[in-house]
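Notes to accompany the following structure.
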Amino acid sequence: MRFFFPDSQDLVSPAYDFMRDEYPAHRVRQRDDRYAHEVLAEAPYHGILVSKSIVDGSIKGAGKYSGAQRARLYRMGVHRFFRLPPGVETLGDNGAFNYIDEPVPPVTAAETLDFYEECDFDAGVSTDHVIFGYEPEATPKTADPEWVERRKLTLRLADEFISLTSDRHSRVQPVGAAQGWSPKSYADSVRALQEMGYKRIALGGMVPLKTDQILACLTQIATVLKPGTELHLLGITRIAAMDRFSELGVTSFDSTSAFRQAFMDDRKNYHTSERAYVAIRVPQVDGNPTLKRAILAGAVSQKDALTAEREALKALRAFDGTSARRRDCLDALGAYEVVCQSKKSYLDAYAETLEAAPWRRCPCSICREHGVEVAIFRGTERNKRRGFHNLSVLRHQMGQLVHSRTAITDFADANT
């Protein structure tokens with residue numbers, strides 16, 4: 001089972017000053033910053049997925065690449081641009097979520113293949129149109145007509161895409177996009193794509209589905225799956241069910257969940273193989289909009305806020321695992337919560353995090369280098385490093401998969 005990490009230009013600065021919270025004066029983003037595979041001893045993914053809409057923009061507006069970055073990607077190719085080590089594969093797609101509200105995709109099969117070829121991708125997904133709906137009993141006659149049309153359109157574009165790869169003798173491996181609203185419709189899409197000649201198929205639109213619904217679709221797909229056909233799950237991470245997914249033909253998946261939980265989740269910020277911990281929130285006084293408004297309104301003293309912030313960081317950096325130092329940390333964090341007028345206290349969760357101090361035993365190079373800083377919820381440099389750490393944990397979990405029917409239990413309820 002291979003894990004692909006979707007690119008969203010997530011990098012960290014190796015020269016960032018954690019004590020002053022400052023970047024070097026002449027830093028150039030992307031050129032000087034580093035990707036996860038450059039700051040960890042081992043790449044935490046088997047491949048990266050890059051969406052055309054992220055690079056070129058879409059109907060919703062500009063992408064996340066600057067003009068200079070986009071030009072450099074096209075000039076250098078995806079492998080050199082990302083400075084990828086040998087063995088890390090590249091997969092392109094259109095980023096269909098960015099035009100989900102449009103009646104038809106705003107990009108043609110030819111434009112899609114142009115992007116893949118010019119950037120020298122190893123493989124690329126055919127242009128598709130996402131179906132967001134699940135009705136397991138619906139037939140093409142009873143399903144939402146828009147769903148039916150989107151599935152037909154996705155298959156027509158897939159047929160055109162693979163024909164173009166053949167006509168051009170393209171080096172890009174074609175990956176057919178399959179959409180559906182039920183186990184039978186997904187299976188019929190896979191059957192049609194195999195008849196077109198696809199050996200690798202990406203299943204889209206499954207992100208909102210529960211694990212048992214995904215399994216129902218994969219079980220139906222397995223009845224039409226030809227030997228040698230590989231399935232890729234777009235946007236899905238369900239570790240508890242991965243062994244079962246593998247048995248049903250899934251060979252790869254992509255997701256940002258582990259990374260984004262580092263700074264988007266309320267609780268599951270710092271991952272370990274056993275559980276996830278709450279990251280310790282020490283917001284920057286000058287970077288917290290709510291706190292800044294309170295200071296400007298006179299409700300909070302800026303001097304008191306800066307002092308409380310400084311004392312919280314000082315206590316955390318002095319933490320040595322002892323109960324006395326843990327109490328010092330909790331007292332300082334509690335005082336900062338009061339100054340910040342926090343609506344929600346995390347002190348009980350912080351006590352668990354400090355009690356375990358998982359960064360002290362983590363073998364990843366990020367935790368070894370930065371220690372407790374990785375567990376502090378504060379600014380993009382710490383938060384993204386914690387996200388990179390989470391990716392390393394996911395990679396380790398993938399390596400522990402047994403690929404047996406008896407290894408995973410209760411997978412149908414594992415919906416995260």
Side-chain angles (χ1 to χ4, degrees), residues 1-6 10 12 35-48 87-88 211 214 233 235-247 250-280 319 321 326 346 348-377 382-416:
M1 184 75 73
R2 292 167 294 163
F3 166 50
F4 286 73
F5 182 56
D10 294 307
V12 297
Y35 295 98
H37 56 267
E38 295 180 294
V39 297
L40 289 161
E42 180 185 13
Y45 30 72
H46 303 88
I48 60 166
V88 176
T211 302
I214 295 174
L233 295 176
I236 300 294
T237 306
R238 311 286 168 88
I239 287 295
M242 279 297 170
D243 273 307
R244 184 66 177 131
F245 289 170
S246 178
E247 292 174 353
V250 176
T251 61
S252 60
F253 70 99
D254 70 84
S255 175
T256 60
S257 293
F259 175 77
R260 291 175 63 82
Q261 279 187 326
F263 47 88
M264 296 293 288
D265 199 277
D266 186 51
R267 294 277 170 177
K268 300 177 180 179
N269 308 127
Y270 183 103
H271 294 186
T272 71
S273 295
E274 297 77 30
R275 58 164 290 183
Y277 291 91
V278 170
I280 300 168
F319 178 63
R326 184 164 62 252
Y346 290 86
D348 289 343
Y350 295 162
E352 288 187 8
T353 301
L354 292 167
E355 174 76 28
W359 59 88
R360 294 169 67 88
R361 63 180 186 275
C362 177
C364 87
S365 55
I366 289 176
C367 290
R368 289 203 309 270
E369 179 179 356
H370 299 292
V372 71
E373 301 286 353
V374 182
I376 297 175
F377 199 124
R382 291 175 181 83
N383 293 345
K384 286 188 176 181
R385 278 178 171 82
R386 188 168 56 255
F388 289 174
H389 155 84
N390 289 351
L391 292 178
S392 73
V393 174
L394 177 59
R395 174 68 186 260
H396 175 73
Q397 290 175 315
M398 296 303 299
Q400 299 301 306
L401 292 179
V402 180
H403 302 302
S404 69
R405 290 182 181 273
T406 58
I408 301 298
T409 59
D410 298 327
F411 51 75
D413 296 323
N415 296 315
T416 59

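The figures here come from the full heavy-atom set of this structure, side chains too, leaving out hydrogens, waters and symmetry mates. As the structure is a prediction and not an experimental result, all values here were calculated from the model.
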Shortest non-hydrogen contact between A349 and R267, atoms and distance: CB-NH1, 3.2 Å
To the nearest 0.5 angstrom, please state how far the CZ atom of R238 sits from the CZ atom of R244. 15.5 Å
For R386 against A375, the heavy-atom pair lying closest together: NH1-C, 4.0 Å
For F377 and A262, the nearest pair of non-hydrogen atoms, with its separation, is CE1-O, 3.8 Å
By ring-ring contact (aromatic ring centres under 6.0 Å, His included) - contacts of F4 (at least two apart): H232
Can you pull out every side chain to side chain donor-acceptor pair (under 3.5 Å) where at least one residue sits in residues 351-360? Sequence neighbours excluded, please. R275-E352, R326-E355
Sorted by chain and number, sequence neighbours left out, side-chain hydrogen bond (donor to acceptor under 3.5 Å, both in side chains) with Y45 holds for H37
Taking salt bridge (charged side-chain N to carboxylate O under 4.0 Å, His left out) as the definition, give me every residue that meets it alongside R382, ordered by chain and number, with sequence neighbours left out. D21, E373
Not counting sequence neighbours, which residues clear ring-ring contact (aromatic ring centres under 6.0 Å, His included) with H370? List them please. F18
Is any side-chain heavy atom of T211 closer than 4.5 Å to a side-chain heavy atom of F245? yes
Does the side chain of R395 come within less than 4.5 Å of H46's, by heavy atoms? yes
The salt bridge (charged side-chain N to carboxylate O under 4.0 Å, His left out) partners of D254 (sequence neighbours excluded) come to none
Separation between OG1 (T251) and CE (M1), nearest 0.5 Å, reads 7.5 Å
Residues two or more places apart in sequence or in another chain: which of them pass salt bridge (charged side-chain N to carboxylate O under 4.0 Å, His left out) with E369? none
Residues, nucleotides or ligands: over 12 heavy atoms within 6.0 Å of R260 CZ: no
Sequence neighbours left out, what passes side-chain hydrogen bond (donor to acceptor under 3.5 Å, both in side chains) with S257? Give chain and number order. S255
If you round to the nearest 0.5 Å, how far is OH of Y277 from CG of L354? 11.0 Å
Closest heavy-atom pair and its distance - Q397, S273: NE2-O, 4.0 Å
What residues, two or more places apart in sequence or in another chain, satisfy ring-ring contact (aromatic ring centres under 6.0 Å, His included) together with F3? F253
Taking every heavy atom of L40 against every heavy atom of S365, the minimum-distance pair comes out as CA-OG, 3.2 Å
Applying side-chain contact (heavy atoms from CB on, under 4.5 Å), name anything that partners A258, two or more places apart in sequence or on another chain. H271, N390, L391, L394
Of the non-hydrogen atoms in H389 and I366, which two are nearest, and what is the gap between them? N-CD1, 4.2 Å
side-chain hydrogen bond (donor to acceptor under 3.5 Å, both in side chains) partners for D266, two or more places apart: K344, Y346
From S252 OG over to I236 CD1, what is the distance, rounded to the nearest 0.5 angstrom? 12.5 Å
How long is the straight-line distance from SG of C364 back to NE2 of H396, given to the nearest 0.5 Å? 12.0 Å
Residues two or more places apart in sequence or in another chain: which of them pass ring-ring contact (aromatic ring centres under 6.0 Å, His included) with F263? F259
